[in-house]
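Beneath this line is the structure, given in structure tokens, with notes to follow.
Values below: every heavy atom of this structure, side chains too, minus hydrogens, waters and symmetry copies. The model shown is predicted, which means the values in this text are computed figures rather than measured ones. Letters A, B, ... are given to chains in the order of the sequence lines, protein chains preceding strands, and every chain is numbered from 1.
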There are 2 protein chains.
Amino acid sequence: MKDLSNNTIERICKIFGYLDALQKKEIGFISSRELAQGLGTTEYTVRKDLSTLGVTGHTRRGYDVKLLKTQLGEKLHLTQKRKAGIVGLGRLGTALLDYEKFKVDGFEIVAGFDCSINKLERIRTQIDVFSVNDLKRVVAERHIELGIIAVPEAAAQNVADTLCAAGVKGILNFSPVKVTVPEGIVYLDMDFTNALRFIAARL
Amino acid sequence: MKDLSNNTIERICKIFGYLDALQKKEIGFISSRELAQGLGTTEYTVRKDLSTLGVTGHTRRGYDVKLLKTQLGEKLHLTQKRKAGIVGLGRLGTALLDYEKFKVDGFEIVAGFDCSINKLERIRTQIDVFSVNDLKRVVAERHIELGIIAVPEAAAQNVADTLCAAGVKGILNFSPVKVTVPEGIVYLDMDFTNALRFIAARL
DNA sequence: TCTATACTGTGAAATAATTCACTTAAAAAC
DNA sequence: GTTTTTAAGTGAATTATTTCACAGTATAGA
Ligand SMILES: NC(=O)c1ccc[n+]([C@@H]2O[C@H](COP(=O)([O-])OP(=O)(O)OC[C@H]3O[C@@H](n4cnc5c(N)ncnc54)[C@H](O)[C@@H]3O)[C@@H](O)[C@H]2O)c1
Ligand SMILES: NC(=O)c1ccc[n+]([C@@H]2O[C@H](COP(=O)([O-])OP(=O)(O)OC[C@H]3O[C@@H](n4cnc5c(N)ncnc54)[C@H](O)[C@@H]3O)[C@@H](O)[C@H]2O)c1
């Protein structure tokens with residue numbers, strides 16, 4: 001399979017999530033047009049994307065929701081469960097820690113980390129929490145592949161370095177600074193302020 | 001000015017944020033190349049973007065950081081302060097409510113809303129909180145332009161409808177469902193799970 | 001003051017993404 | 001059983017975006 005553009009991957013991820021909703025509504029088949037509508041794109045693009053991935057639908061019926069979900073999951077390696085750790089257990093970090101839906105979607109938060117012993121002692125959660133000093137060990141022991149950064153911006157780069165050194169493969173960064181990561185590490189920013197800026201620019 | 005692509009706007013928003021960091025470091029001028037590096041794009045694209053916006057740099061020096069920030073702010077209407085309201089004051093919503101950096105960046109959270117009287121009574125925050133029943137009134141009174149959705153997915157569409165009816169111009173949605181909004185309303189999803197999926201697909 | 005340099009700014013070229021137009025095929029309707 | 005309809009699949013055309021190449025120039029340094 002030729003490698004996919006970021007745009008395609010992004011759309012497929014959205015479709016993947018959208019299929020959940022369809023399954024809940026017990027919808028068995030969905031056309032490229034309806035899919036496009038639910039996603040804010042065009043039927044052509046949806047068909048091209050799916051066709052690029054080599055998944056296929058049915059004339060006059062559309063795509064089999066259940067089957068499509070399975071196929072997309074396989075193609076994008078979304079079926080295997082991934083373990084994640086959160087660094088920075090402040091307001092945002094603890095909210096993420098307790099967000100149960102991640103697990104449902106195949107992303108299990110298996111550890112939280114903070115530098116403040118005080119914080120670690122006070123936190124009430126189901127998830128095991130550790131000092132950042134133990135990060136490397138815990139990442140290895142628990143096979144953590146994904147690191148989630150929720151520390152203040154001043155600490156973000158340092159935490160990213162630590163995570164990469166510990167062997168995580170991907171990083172999701174909630175701090176408002178872009179951090180640099182070694183070649184080969186997948187990195188994504190979730191900058192809420194930028195999102196608001198984007199909206200403001202479009203107003 | 002011809003209208004800008006989403007890609008360009010997204011990059012400019014990032015540059016805008018990046019310039020803050022440069023100002024803190026007291027860097028006066030920055031070249032398209034350095035800017036590109038800090039953003040994960042190319043110098044060509046940066047120059048094209050800035051040139052498209054009609055802002056201009058200096059031979060052999062690059063772009064004046066302070067001036068560029070001002071100019072980009074004007075071009076993207078990022079200089080005027082925007083008022084926002086958050087609907088859904090659970091784990092995520094309250095974290096957002098207390099996040100002070102929004103204000104620094106020109107987005108002032110002027111109200112929180114929830115449907116649970118119980119929750120409203122317990123919340124300890126500087127920001128005024130209201131019942132969703134008062135949403136329409138408060139949005140009008142406080143000139144709220146941006147709505148932030150942090151309610152459970154089942155309630156998201158309903159809340160979006162209420163916000164739009166109340167007159168907000170833009171919506172940032174943290175719930176994992178895509179909601180539909182009337183023509184003319186700017187809408188953006190912040191789906192953390194999709195972000196993790198994207199990373200997993202790239203691993 | 002002069003010169004070499006390191007930048008920008010921008011048309012043109014290359015590449016990528018989207019849209020279109022049309023073929024094919026299965027299901028539904030009659 | 002035949003016809004009609006609806007939607008997938010896909011090369012080709014179009015459109016958009018990125019990259020390139022280089023002319024122009026203000027600055028730093030001599
Ligand atoms: N709270 C929000 O709603 C919100 C919104 C947008 C962005 N953010 C960003 O998310 C990040 C976290 O925000 P927050 O509000 O949760 O902050 P917070 O101050 O509540 O929490 C930060 C936590 O990180 C810990 N920490 C600091 N340095 C550390 C290090 N080197 N290693 C490990 N832990 C460390 C602190 O002990 C603290 O518990 C920040 O970068 C913030 O800008 C937060
Ligand atoms: N917590 C996280 O870290 C996290 C992560 C990703 C996505 N999200 C999404 O963000 C949203 C909020 O998550 P949360 O963890 O804060 O949930 P939560 O259950 O803690 O809070 C939801 C709040 O919304 C209120 N609410 C419910 N219906 C409402 C309505 N119709 N009008 C006004 N208020 C209403 C509830 O009273 C509650 O206070 C959810 O859609 C969730 O999927 C949360």
Side-chain angles (χ1 to χ4, degrees), chain A residues 1-16 18-19 22 27-72 75-76 198 201-202, chain B residues 1-16 18-19 22 27-72 75-76 198 201-202:
Chain A
M1 175 184 36
K2 69 194 71 159
D3 66 4
L4 308 164
S5 72
N6 281 349
N7 283 358
T8 295
I9 293 191
E10 216 174 299
R11 284 190 299 258
I12 298 289
C13 288
K14 279 191 195 168
I15 290 179
F16 193 82
Y18 192 65
L19 292 172
L22 294 173
I27 291 169
F29 284 84
I30 181 115
S31 71
S32 54
R33 183 172 313 180
E34 293 168 292
L35 225 28
Q37 201 154 43
L39 255 83
T41 179
T42 68
E43 53 177 317
Y44 318 116
T45 304
V46 168
R47 289 210 296 277
K48 259 285 192 292
D49 283 343
L50 296 180
S51 148
T52 305
L53 275 165
V55 311
T56 170
H58 294 284
T59 300
R60 250 196 87 111
R61 306 238 272 152
Y63 299 86
D64 180 318
V65 172
K66 192 164 177 303
L67 179 61
L68 184 56
K69 181 123 196 292
T70 310
Q71 290 176 316
L72 295 183
K75 301 283 181 184
L76 296 196
F198 185 93
R202 277 274 176 245
Chain B
M1 174 183 40
K2 69 194 70 156
D3 67 5
L4 307 164
S5 73
N6 281 349
N7 284 358
T8 295
I9 292 190
E10 216 174 297
R11 283 189 300 257
I12 298 290
C13 288
K14 279 190 195 169
I15 290 180
F16 193 82
Y18 192 63
L19 293 173
L22 294 174
I27 291 170
F29 284 84
I30 180 119
S31 70
S32 55
R33 183 174 310 177
E34 293 167 293
L35 226 26
Q37 200 154 42
L39 257 83
T41 178
T42 68
E43 52 176 317
Y44 319 116
T45 305
V46 168
R47 288 210 297 275
K48 257 285 190 300
D49 283 342
L50 296 181
S51 148
T52 305
L53 275 165
V55 310
T56 170
H58 294 284
T59 300
R60 252 196 84 114
R61 307 239 269 151
Y63 300 86
D64 179 319
V65 171
K66 192 165 178 302
L67 179 62
L68 184 56
K69 181 126 196 289
T70 310
Q71 290 176 318
L72 295 183
K75 302 284 181 182
L76 296 195
F198 185 92
R202 277 273 176 241

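The separation between A:R33 atom CZ and C:dC20 atom P is 12 Å, rounded to whole Å. Rounded to an integer number of Å, the gap from B:L67 CG to C:dT8 P is 14 Å. Regarding A:L50, its CG atom lies at a distance of 10 Å from the C1' atom of D:dA8, rounded to whole Å. Counting to the nearest Å, the P atom of C:dG9 and the CD atom of B:Q71 are 10 Å from each other. In this structure, the CG atom of A:D49 is 16 Å from the P atom of C:dA16, given to the nearest Å. Between the CG atom of B:L4 and the C1' atom of D:dT17 there is a distance of 13 Å, rounded to whole Å.
Residue B:L76 holds its CG atom at 10.0 Å from CZ of A:F198, rounded to the nearest 0.5 Å. Of the inter-residue distances, the one linking B:L19 atom CG with B:Q71 atom CD reads 10.5 Å to the nearest 0.5 angstrom.
Side chains of B:D49 and B:N7 form no contact here, defined as non-hydrogen atoms less than 4.5 Å apart.
Looking at every heavy atom in both residues, B:I9 comes nearest to A:A201 through CG2-CB, 3.8 Å. Between A:A36 and A:T42, the closest heavy-atom pair is CB-C, 3.3 Å. In this structure, A:L4 and B:R202 approach most closely via the heavy-atom pair O-NH2, 3.0 Å.
Taking 4.0 angstrom as the limit, B:S31 places none of its side-chain polar atoms (N or O) nearer than this to OP1 or OP2 of C:dA6. Using a 4.0 Å cut-off, some side-chain N or O of A:T42 falls inside it from OP1 or OP2 of C:dT19. Contact check, A:T45 against C:dT18: no side-chain N or O comes under 4.0 Å of OP1 or OP2.
Judged as a side chain to side chain donor-acceptor pair (under 3.5 Å), and not counting sequence neighbours, the contacts of A:S5 are A:T8. Considering only residues two or more places apart in sequence or on other chains, A:R33 meets the salt bridge (Lys or Arg N to Asp or Glu O under 4.0 Å) condition with A:E43.
At a non-hydrogen distance threshold of 4.0 Å, B:T59, B:R60, B:R61 from residues 56-64 of chain B come into contact with DNA chain D. Contacts between residues 5-13 of chain B and DNA chain D, defined by a heavy-atom separation below 4.0 Å, involve B:S5, B:N7, B:R11, listed by number.
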Discussion item. Could you walk me through whether B:L39 and B:Y18 satisfy the side chain to side chain contact (heavy atoms under 4.5 Å, CB included) test, starting with their C-alpha distance in whole Å, then the side-chain angles of each, then the deciding distance to 0.1 Å, before giving a yes or no?
Written reply: CA-CA 8 Å; B:L39 257 83; B:Y18 192 63; 4.3 Å; yes
Between side-chain atoms of residues 54-68 of chain B and protein atoms elsewhere (two or more places apart, or another chain), which donor-acceptor pairs fall under 3.5 Å?
| from | atom 1 | to | atom 2 | distance (Å) |
| --- | --- | --- | --- | --- |
| B:D64 | OD1 | B:K66 | N | 3.1 |
| B:D64 | OD1 | B:L67 | N | 3.0 |

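Surrounding NZ of B:K69 are more than 12 heavy atoms belonging to other residues, nucleotides or ligands, all under 6.0 Å away.
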Hey, what are the protein-to-nucleotides 10-14 of chain D N/O distances that come in under 3.5 Å?
| from | atom 1 | to | atom 2 | distance (Å) |
| --- | --- | --- | --- | --- |
| D:dT10 | OP2 | A:S51 | OG | 3.4 |
| D:dG11 | O6 | A:K48 | NZ | 2.9 |

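Among the atoms of the strands shown, none is found under 4.0 Å from any heavy atom of B:T41.
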